[in-house]
Amino acid sequence: MSVIYVLLAISIIVAVFFFIAFIISVKSGQYDDAYTPSVRMLFEDELVHEKETPVKNKQQDKIQLNKQR
């Protein structure tokens, strides 16, 4: 019968320890962001675009200017 009292005391101590750890993690902001994880799978990875040469940009600008006139 005394073993039950010891196990009960140990289980209460462990439960209090985990409850305190949970309260500390909530206060430190561990669980603040609830929106991002739910939609993260909907976003695609960013695509790597090749850098355009300055000459190509100037040619495109000239073409756009001619189209506007």
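For this chain, numbers begin at 1 and follow the sequence in order.
Remark: I13 engages no residue in a side chain to side chain contact (heavy atoms under 4.5 Å, CB included) (not counting sequence neighbours).
With side-chain heavy atoms closer than 4.5 Å counting as contact, directly or through intermediates, the hydrophobic cluster containing L8 also holds I12, V16, I20, I24. By the 4.5 Å side-chain criterion applied to Ile, Leu, Val, Met, Phe, Trp and Tyr, M1 is assigned to a cluster that also includes I4, Y5.
Hydrophobic clustering keeps V3 apart from V6 (ILVMFWY residues linked when any side-chain heavy atoms are closer than 4.5 Å, directly or through intermediates).
Counting heavy atoms from C-beta outward, F22 and Y31 have side chains that approach closer than 4.5 Å.
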